[in-house]
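One structure below.
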Amino acid sequence: MERNNHQRATSALPAVRERIAREIAHAGGHRFRITGECFIYTALILLILVASANAQTSRTLGILTADREFVDWRGTGGDTLRGRHDSSEELTKTLHAFKTVWAPDGLHTSGRIIPTTSLTVKVTAVTTTRAEVVFAEADSTAMPEDLLWSSGQMATVAAGDVWLGSVVVFDAGATVLGEVTGDVIAIGGDLSIGEAATVRGDVILIGGTLRQSGDAKIYGRVFSPGGHRRPRLTLTRAWEFEDGRFKWAPTVSYDRVDGLRPGARLGFQRSQFTPRLEIWSGYGFASKRWQFRVELRQRLLKSADLEAAGSIFRLTSTEDDSVVSGTENTIFAVLTGTDYRDYFGADGGELAVTYKYRERSVLTVRYRNIDYRRMKAHGELWHLFRADHDFRPNFSTLPVDADSLEPHGRASSAIIELGMVPRERSGTLVGLNGQALLILEVAGGLLGGRYDYQRFIADVSGWWDSGRWHHVRLRALYGIARHELPPNKLFYLGGLGTLPGYSQKSLPGEEVFLGQVEYQFNYWKSNLGDAAFILFTDFGRAASTDRFWHLSGVKADIGIGMQFAGAVRLDVAKGLDDTKRDMRVSLRLASLL
């Protein structure tokens, strides 16, 4: 019976369709044809009506405006606020002194609770001196953007995560290690943007300091009257380009071995958990030599930051990167003919495994196999000033003939590095911070090679910030090396980064210790940066292991310095072992670079 009913209904459908078509065609006494254009026009009209309706579904709750000194809230419920935001503590007290309160569950205003799910936050104006944010309530028919809302507790976008929307934090700090597609707004706390982070929208920070690390990217505008600590740049970082999965940049350097060395760096990675390929190549016009480095990295676990890497290279290398950066050294070489680093050829490869624990501790195990080659220093290379001054030979500060000691032959070594990086913390807050690095290197023996040695380094730094004005920096370094060492594995004191009261690398040795104490007073602050007055003293010794503990060989200096805009530092230092010793003047550009 059911089948018969279905057949009768099916057979009746054409007649029903025909009757409906006749009645529509004759409706109102007019005949017309139903065409595809009718449906298109009808759909467009409906879309316009829906868009118009949605445009009216948000009601403003208040507008938050901030300039360099004050923050204003003007709510539609009649509540108003105007208070200073010199510090997060003052701003927090002000925010809780009126009847509109930002809480974890939403906005409490005029006796109502506006939940986060129906709250929209729109940045309407951002400049370096002013920011304006509109808070609105959206009806259920609206589609508010996703919102990461936090009040009184830290908000974090983890590394590798993508937050599709905005981040809003009150009375607490925020850390962005991944990607935020909207805006980031933090009021009454500090904001840290990690090395691999990306913020597609604007960044507004009131009552705190913004710390932007490494290669972090902010595509929008930034309002941060409390300060913006940007990363140090190299000459070529401003010319980095990124196109989807590719990242490339030109490079350039100048030294007494390669002369002018232009090059290019290319990186490619499909996703976070696929291999990352990095290639660099350059040509030294003075050494007449092509150089390259090819490196492949792969994350091993999704649940832990464990990474393996392998590389092959042919380079003009140096062990002095920790003393003076390549870009800073290039500027001095071009301008004054002063090259602070010593060089050697390095052809070989490396395997490494790195484990990062909670973003602060890093353990790396390496195996490195290198063929050392002697590199000729070209003393007559061009530089802008001091035309009669020649570049010095490599390892010229050693008390014997450097050519006989230059690295030559194969070195095979195993290296263990344990590092602790600083906490992501603003320098405007009171507190201690620090970093440490331990390195153990063993070469030769079962590993083979010409050189057979053991080397250990412990480098610990700490700093104490008392607020906006006073800063104290401390550093302690100890190192020891035994057996047959190439000259690049010796320890050196003197000059930039160690004992500025003595000439560069004038104190070599197989064992070393160094202590440094520095006090910095920021006597002037502006949006362009701080101006600081610095007092410092350094003391240390480098010698052979059998004579190291003779206290008579300890060297010390004392000095004063000026730092401008966090970019340029000028120091005057004098060694204390000889009253007739001349004072030495040094210029540093590390903060700028």
task = Check for a donor-acceptor pair, side chain of Asp183 on one end and backbone N or O of Gly201 on the other, with a separation under 3.5 Å.
result = no

ask   = Which heavy atom of Leu119 sits nearest a heavy atom of Ala136, and at what distance?
value = CD1-O, 3.2 Å

inquiry  = With heavy-atom distances below 4.5 Å as the criterion, would you say the side chains of His471 and Asn522 are in contact?
reply    = yes

ask   = Do the side chains of Phe135 and Ile114 get nearer than 4.5 Å, heavy atoms only?
value = no

task = Evaluate the side-chain proximity of Val323 to Tyr340: yes if any heavy-atom separation is below 4.5 Å, no if none is.
result = no

ask   = Atom CG of Leu210 and atom CG of Leu191: how far apart are they, to the nearest 0.5 Å?
value = 5.0 Å

Non-hydrogen side-chain atoms of Ile279 and Phe268 separated by less than 4.5 Å = no

task = Check whether any side-chain N or O of Gln516 sits under 3.5 Å from a backbone N or O of Gly497 as a donor-acceptor pair, and report yes or no.
result = yes

request  = Could you walk me through whether Ile534 and Gln563 pass the side chain to side chain contact (heavy atoms under 4.5 Å, CB included) test, one step at a time?
outcome  = CA-CA 8 Å; Ile534 301 170; Gln563 183 169 289; 4.0 Å; yes

ask   = With a cut-off of 6.0 Å (strictly less than), are more than 12 heavy atoms of other residues, nucleotides or ligands near CE of Met583?
value = no

query = Can any side-chain N or O of Thr330 pair as donor or acceptor with the backbone N or O of Tyr254 at less than 3.5 Å?
reply = yes

query = Roughly how far, to the nearest 0.5 Å, is the CG atom of Asp72 from the OG1 atom of Thr65?
reply = 6.0 Å

task = Mind telling me whether Tyr357 and Tyr355 have parallel, tilted or perpendicular rings, with 30° and 60° as the class edges?
result = tilted

key: Gly194 versus Leu177, closest heavy-atom pair with distance   = CA-CD2, 3.8 Å

ask   = Rounded to the nearest 0.5 Å, what separation is found between the CE atom of Met420 and the CD atom of Gln435?
value = 8.0 Å

query = Looking only at heavy atoms, which two atoms of Asp202 and Arg221 are closest? And how far apart?
reply = OD1-N, 2.8 Å

inquiry  = Quick one, Arg341 and Asp321 - any side-chain contact, counting heavy atoms below 4.5 Å?
reply    = yes

Main-chain N/O of Trp163 paired with Thr181 side-chain donor or acceptor, under 3.5 Å = yes

key: Heavy-atom check, side chain of Trp248 versus side chain of Arg265, under 4.5 Å   = no

ask   = Which pair of heavy atoms, one from Ile193 and one from Ala216, lies closest together, and at what distance?
value = CG2-CB, 3.6 Å

query = At what distance, to the nearest 0.5 angstrom, does CZ of Phe539 lie from CD1 of Ile558?
reply = 12.5 Å

key: From CA spacing to verdict: side chain to side chain contact (heavy atoms under 4.5 Å, CB included), Leu474, Trp464   = CA-CA 9 Å; Leu474 304 173; Trp464 175 67; over 6 Å; no

query = Does the salt bridge (charged side-chain N to carboxylate O under 4.0 Å, His left out) test come out yes or no for Arg475 and Asp459, once each step is laid out?
reply = CA-CA 8 Å; Arg475 183 191 180 197; Asp459 191 353; 3.0 Å; yes

key: Gln269 side-chain N/O to Thr274 backbone N/O, donor-acceptor pair under 3.5 Å   = yes

Heavy-atom side-chain proximity of Ser586 to Leu496 below 4.5 angstrom = yes

key: Verdict with reasoning, Ser224 to Val203, per side chain to side chain contact (heavy atoms under 4.5 Å, CB included)   = CA-CA 8 Å; Ser224 178; Val203 173; over 6 Å; no

task = May I ask you to decide if Leu589's main-chain N or O and Glu328's side chain share a donor-acceptor pair within less than 3.5 Å?
result = yes

key: Under 3.5 Å: donor-acceptor pair, side chain of Asp538, backbone of Asp557   = no

inquiry  = Would you compute the distance between atom CZ of Arg366 and atom CD of Glu417 and round it to the nearest 0.5 angstrom?
reply    = 4.5 Å

inquiry  = On a heavy-atom basis, which atom in Thr209 and which in Leu205 lie closest, and how many Å separate them?
reply    = C-CD2, 3.1 Å

query = So, for Phe564 and Tyr523, which heavy atoms are closest and what is the spacing to 0.1 Å?
reply = CE2-OH, 4.4 Å

task = Determine, step by step, whether Leu437 and Ile457 satisfy the side chain to side chain contact (heavy atoms under 4.5 Å, CB included) criterion, reporting the C-alpha distance in whole Å, the side-chain angles of both residues, the deciding distance to 0.1 Å, and the verdict.
result = CA-CA 8 Å; Leu437 178 64; Ile457 301 173; over 6 Å; no

key: Separation between CZ of Arg584 and NZ of Lys574, rounded to the nearest 0.5 Å   = 11.5 Å

Candidate pair Phe521 and His470, rule ring pair (Phe, Tyr, Trp, His ring centres under 6.0 Å), full reasoning = CA-CA 5 Å; Phe521 172 70; His470 307 281; 5.4 Å; yes

